[in-house]
Amino acid sequence: MSSKIRVRFAPSPTGPLHIGGVRTALYNYLLARKLGGTFLLRIEDTDQTRFVPGAEDYILESLAWLGIMPDEGVGIGGPHAPYRQSERKDLYKAYADELISTGKAYYAFDSAEELDAIRAVYESKGTAFQYNALTRVKLKNSLSMSPGAIEEALASGQPYVIRLKVPAKAEIRFQDSIRDWVHVHTSSMDDKVLMKSDGMPTYHLANVVDDHIMEITHVIRGEEWLPSAPLHILLYQAFGWQAPQFAHLPLLLKPEGNGKLSKRDADLGGFPVFPLEWTDPQSGVVSKGFKQEGYLPEATLNFLAFLGWNPGTEQELFSLDELVNAFSLERINKAGAKFDVNKAKWFNEQYVKQHPVSELASAYLPEIESGKAEAFVQLFLDRITFPQELGQKVAEFSAFPKEYDSAVLANKWNSEAQKGLLAIQTCIEHIQDWHAESIKHVIHGTLETEGIKMGKVMQMLRVALSGNGAGPDLMISMELWGKQQVAERLSVALAQFPKLSE
RNA sequence: GGUCCGUUCGUCUAGGGGUUAGGACACGUCCCUUUCACGGAUGAAACACGGGUUCGAUUCCCGUACGGACUACCA
């Protein structure tokens, strides 16, 4: 008996992959790597009406961007191909038939409209309708109909679904890796549809059959599946199969208020909930992506990993390999986690700072000569959250000041500052070796001989050169502007500042 | 409504029968710096409530409240 770990990520191609889905994929990936197992990708496209073109590619591209590619599955191949459920359609029918023949499932001929009507009646009475042991005898199915009538209905091609015959009185229990024992009584479950009238299986059947065939050992999925887990257990029992180990992940919640994180929150909060930018093929509406917003894949992964899991130590920055190493199902939390943009940004800043300067320079300042571009990156590295801010920073830096910080001017512009700036204007003319260190040396020396305190003029010098009262290291800035530019900026500023007499 | 799941600073969380309840983000203050940012230090900030069990409960049990998920021929 093989004890090889096999996990899967099984999204539906109904739109862009949600960030919660990405976290599910990540946890699956981490467990597989941690235990030397296999991570596979299966596409659950059994609902033909909700298929969205491009969604499958989007999923693959997202996983590739983050570096958590599956070992097996759609787009990769493997021993259990095909991995797209629509292409495995015929398989499921045979399993459903097996359940019919063993009496674990039955045909139901009730139309969707009939059931809706029944539901409406129940609802008007303040109760909920359940298709179960109590009601199925009064409905149109192979349990209530005579053998002849069933025969006839089937032969005449009357549409039907196959439903699981849920036992009336039984307690279903299973041990979840995250929630421990979960018990549910079958009286609160209904006879779920296994095969739809269009010949496609429902999620429940396809999922259980495929997880079994593909030898999945651990099912790691979102908490929204917890209520249907007992049904899946029942299915495994009906087939006589061993159920995999379940782990139901806590949900990702809205940053404000309550509820599941949704696309709407992203639009409202100005942050992405999708890994990559997505253009809706129907409406053309574009949704932001972590990548396009400027989040680095390592930062996105690290941030996501910590939403619902932690290593139990005080280390927060983890590479993917370190995550693999530290990961365990046991340390996943039970309660839902609110998405916090500030924390995401903080992670990104950490990774931006760690990023090789040369790469940032060539990727984000491609127009600028590499040596200078790297100097700019160094200058702004601590002041940006997203690397693409670099271009804007450099543009602002390079532009001639349009106006001068009036508050600083009001406070610091005095005759001593004027004297200092005049002295600086003269002395920089003589600097041959135009580098931050030598500029600093000369300016300091000049101010000292003039008997002017640094504090009295330096901020005015900054305002004169950049227009701003705050900014990066002035000496390095001067080096980057170049001697001629500095001289020009200084003389323009001096001409505009009010003239002060001694 | 029913079923199930959950609840430690504003947020992510550590912890766990006896602790000054720890860390991180954000926020305040201070230091560093010519300024800002970075960095460092520091402050404010939490065990939902009520009953048990116990010498002792934030920790275990039960209720309540609150929150969430699910309740389709969607996944």
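Computation of the quantities below employed the complete heavy-atom set of this structure, encompassing side-chain atoms and omitting hydrogens, waters and symmetry-equivalent molecules. Residue numbers begin at 1 in each chain, while the letters A, B, ... track the order of the sequences.
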Backbone N/O of A:Ala407 and side chain of A:Asn411: donor-acceptor pair under 3.5 Å:
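Confirmed, A:Asn411 side chain pairs with A:Ala407 backbone.
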Query raised in the report: Is there a donor-acceptor pair closer than 3.5 Å between any side-chain N or O of A:Trp481 and the backbone N or O of A:Phe397?
Result: yes
May I ask you to evaluate whether [X] reaches the phosphate of [N], defined as a side-chain N or O under 4.0 Å from OP1 or OP2?
X        : N     : answer
A:Thr14  : B:C74 : no
A:Arg173 : B:C4  : no
A:Lys453 : B:U34 : no
A:Lys393 : B:A37 : no
A:Arg163 : B:C73 : yes
A:Lys440 : B:U34 : no

Taking the same atom, [atom1], in [N] and in [M], what whole-Å distance lies between them?
N     : M     : atom1 : result
B:A46 : B:U13 : C1'   : 11 Å
B:C31 : B:C9  : P     : 33 Å
B:C38 : B:A75 : C1'   : 46 Å
B:C66 : B:G50 : C1'   : 14 Å
B:A44 : B:G52 : P     : 34 Å
B:A14 : B:G22 : C1'   : 6 Å
B:C60 : B:C27 : P     : 35 Å

Nearest to the [X] side chain among [options], which nucleotide is it?
X        : options             : value
A:Asn333 : B:C74, B:U3, B:U13  : B:U13
A:Tyr203 : B:A75, B:C73, B:U34 : B:A75
A:Arg462 : B:C73, B:A14, B:U34 : B:U34
A:Ser197 : B:C73, B:G68, B:C70 : B:C73
A:Lys334 : B:G68, B:A75, B:G6  : B:G6
A:Ser188 : B:C73, B:U3, B:A26  : B:U3

Once you apply the 3.5 Å cut-off to both distances, tell me the Watson-Crick or G-U wobble partner of [N], or none.
N     : value
B:G39 : B:C31
B:C4  : B:G68
B:U11 : B:A24
B:G63 : B:C49
B:U19 : none

State which residue, out of A:Phe339, A:Phe271, A:Trp346, fulfils the ring-ring contact (aromatic ring centres under 6.0 Å, His included) condition with A:Phe303.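 Answer to the ring-ring contact (aromatic ring centres under 6.0 Å, His included) test with A:Phe303 among A:Phe339, A:Phe271, A:Trp346: A:Phe339.
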Distance-only donor-acceptor test (3.5 Å): side chain A:Lys343, base B:A24: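 A donor-acceptor contact between them is present.
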Would you say the side chain of A:Arg179 and the base of B:C5 hold a donor-acceptor pair, judged only by whether the two atoms sit under 3.5 Å apart?
->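 By the distance-only test, no, there is no pair.
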Item to complete: Describe, in one word, how the ring planes of A:Phe347 and A:Phe306 are oriented to each other, choosing from parallel (under 30°), tilted (30 to 60°) and perpendicular (over 60°).
Response: tilted
Per nearest nucleotide of RNA chain B, the residue lying toward the 5' end, A:Ala128 or A:His444, is A:Ala128
Self-check item: Residue closer to the 5' end of RNA chain B, A:His185 versus A:Pro159 (nearest nucleotide)
Solution: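 Its nearest nucleotide being more 5', the pick is A:His185.
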Heavy atoms, side chains only, cut-off 4.5 Å: are A:Phe327 and A:Trp309 in contact?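 The answer is yes, as the side chains (C-beta and beyond) meet within the 4.5 Å cut-off.
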